[in-house]
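Reckoned from all heavy atoms, side chains included, excluding hydrogens, waters and symmetry mates.
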Amino acid sequence: MKTRLGCLSHKSDSYSDFSEFLPPAHETTARCQKLSTDEVVRWSNSFNELISHKYGLVVFRTFLKSEFSDENIEFWMACEDYKKVKGSTKLASKANKIYKEFIDVQAPREINIDYRTRERTKQTLLMDPTPTCLNEVQSKVYSLMEKDSYPRFLRSKMYQDIVNRAHAQGQRRSV
């Protein structure tokens with residue numbers, strides 16, 4: 001417990017302090033070997049390119065966890081799952097779960113949205129859940145991540161290390 005509290009009490013620029021959030025070393029190595037330099041560099045072209053890539057999403061989530069700010073990507077992913085739900089009973093149940101986890105003012109993983117958006121979302125989500133009722137708030141959260149978290153990710157040591165590793169792997173393969 002002290003170790004975790006110590007980790008929380010002082011933020012670090014290095015993601016190595018957050019090894020508990022990272023996948024095991026053998027997974028990371030295997031993933032990096034599967035990534036080409038082009039794929040990793042393409043993540044810097046657009047936020048959508050990053051989160052549309054299987055490993056790009058994993059790395060971005062890990063980065064946000066290292067900053068203790070992963071609620072936005074987790075909410076975005078929950079919205080993506082929500083859109084796939086079939087049946088009104090399941091939709092209502094999932095809507096309620098998303099509301100309690102991310103949107104409610106007392107939510108354990110509360111997302112940062114304005115009062116009007118929160119209230120509008122609450123009304124539609126809890127009163128008349130439809131597959132598209134989260135689109136507005138999901139779009140706002142996406143935009144927030146694109147403008148704030150994504151540029152920080154691209155400047156991060158974590159991303160730079162991945163680019164360097166992918167580049168080094170590519171050079172070894174060509175030899």
Would you call Arg42 and Asp38 a salt bridge, taking side-chain N to carboxylate O under 4.0 Å as the test? no
Once rounded to the nearest 0.5 Å, what's the spacing between atom OG of Ser69 and atom CG of Asn112? 11.5 Å
In terms of the angle between their ring planes, are Tyr142 and Trp76 parallel, tilted or perpendicular, with boundaries placed at 30° and 60°? tilted
Test His53 against Val58 for side chain to side chain contact (heavy atoms under 4.5 Å, CB included), laying out the working first. CA-CA 9 Å; His53 191 277; Val58 169; over 6 Å; no
Which heavy atom in Val105 sits nearest to a heavy atom in Arg118, and how many Å separate them? CG2-CD, 3.7 Å
Locate the shortest heavy-atom distance separating Ala78 from Ile98; write the atom from each residue and the value. O-CD1, 3.8 Å
Could you tell me the separation between the OG atom of Ser46 and the CD atom of Glu146, rounded to the nearest 0.5 Å? 7.5 Å
Any side-chain heavy atom of Val141 within less than 4.5 Å of one from Thr117? no
Residues at least two apart in sequence or cross-chain that pass ring pair (Phe, Tyr, Trp, His ring centres under 6.0 Å) with Phe63, listed by chain then number, are Phe153
Criterion side chain to side chain contact (heavy atoms under 4.5 Å, CB included) on Glu110 and Asp104, from CA distance to verdict: CA-CA 7 Å; Glu110 181 185 357; Asp104 187 25; over 6 Å; no
Strictly distance-based, threshold 3.5 Å: is any side-chain N or O of Tyr150 a donor or acceptor partner for the main-chain N or O of Ser44? yes
Does any non-hydrogen side-chain atom of Asp81 lie less than 4.5 Å from one of Lys94? yes
Hits for side chain to side chain donor-acceptor pair (under 3.5 Å) against Glu74, two or more places apart or cross-chain, chain-then-number order -> Arg61
Give the C-alpha distance, both sets of side-chain angles, the deciding distance and a yes or no for side chain to side chain contact (heavy atoms under 4.5 Å, CB included) between Glu101 and Glu71. CA-CA 9 Å; Glu101 187 173 350; Glu71 66 281 347; over 6 Å; no
Rounded to the nearest 0.5 Å, how far does CG of Leu125 lie from CZ of Arg120? 13.5 Å
Do Thr124 and Pro129 touch side chain to side chain, with heavy atoms closer than 4.5 Å? no
Out of curiosity, Lys84 NZ to Glu80 CD, how far, rounded to the nearest 0.5 Å? 6.5 Å
Can you tell me if Ser52 uses its side chain to pair, donor with acceptor, with the backbone of Glu49 under 3.5 Å? no
Could you label the plane-to-plane angle of the Trp43 and Tyr159 rings as parallel, tilted or perpendicular, counting under 30° as parallel and over 60° as perpendicular? tilted
Cluster link Leu57 to Leu154, ILVMFWY, side chain under 4.5 Å: yes
Kindly indicate whether the side chain of Lys140, heavy atoms from C-beta on, has any atom under 4.5 Å from the side chain of Leu144. no
Interatomic spacing from CD1 in Ile103 to CZ in Arg109 - rounded to 0.5 Å: 13.5 Å
Side-chain contact, heavy-atom cut-off 4.5 Å: Phe75 with Val137? yes
Does either side chain, that of Thr132 or that of Asn135, offer a donor lying less than 3.5 Å from an acceptor on the other one? no
Quick check: do Ile162 and Tyr55 have side-chain heavy atoms less than 4.5 Å from each other? no
Within a strict 4.5 Å, meaning less than it, do heavy atoms of the Phe60 and Ser149 side chains meet? yes
Are the side chains of Asn72 and Leu64 in contact, using a 4.5 Å heavy-atom criterion? no
So, Gln138 and Lys83: side-chain donor and acceptor under 3.5 Å apart, yes or no? yes
Just verifying a value: how many Å separate Arg116 CZ and Glu119 CD, rounded to the nearest 0.5 Å? 11.5 Å
Between Thr37 and Ala166 the two heavy atoms that sit nearest each other are OG1-O, 3.1 Å
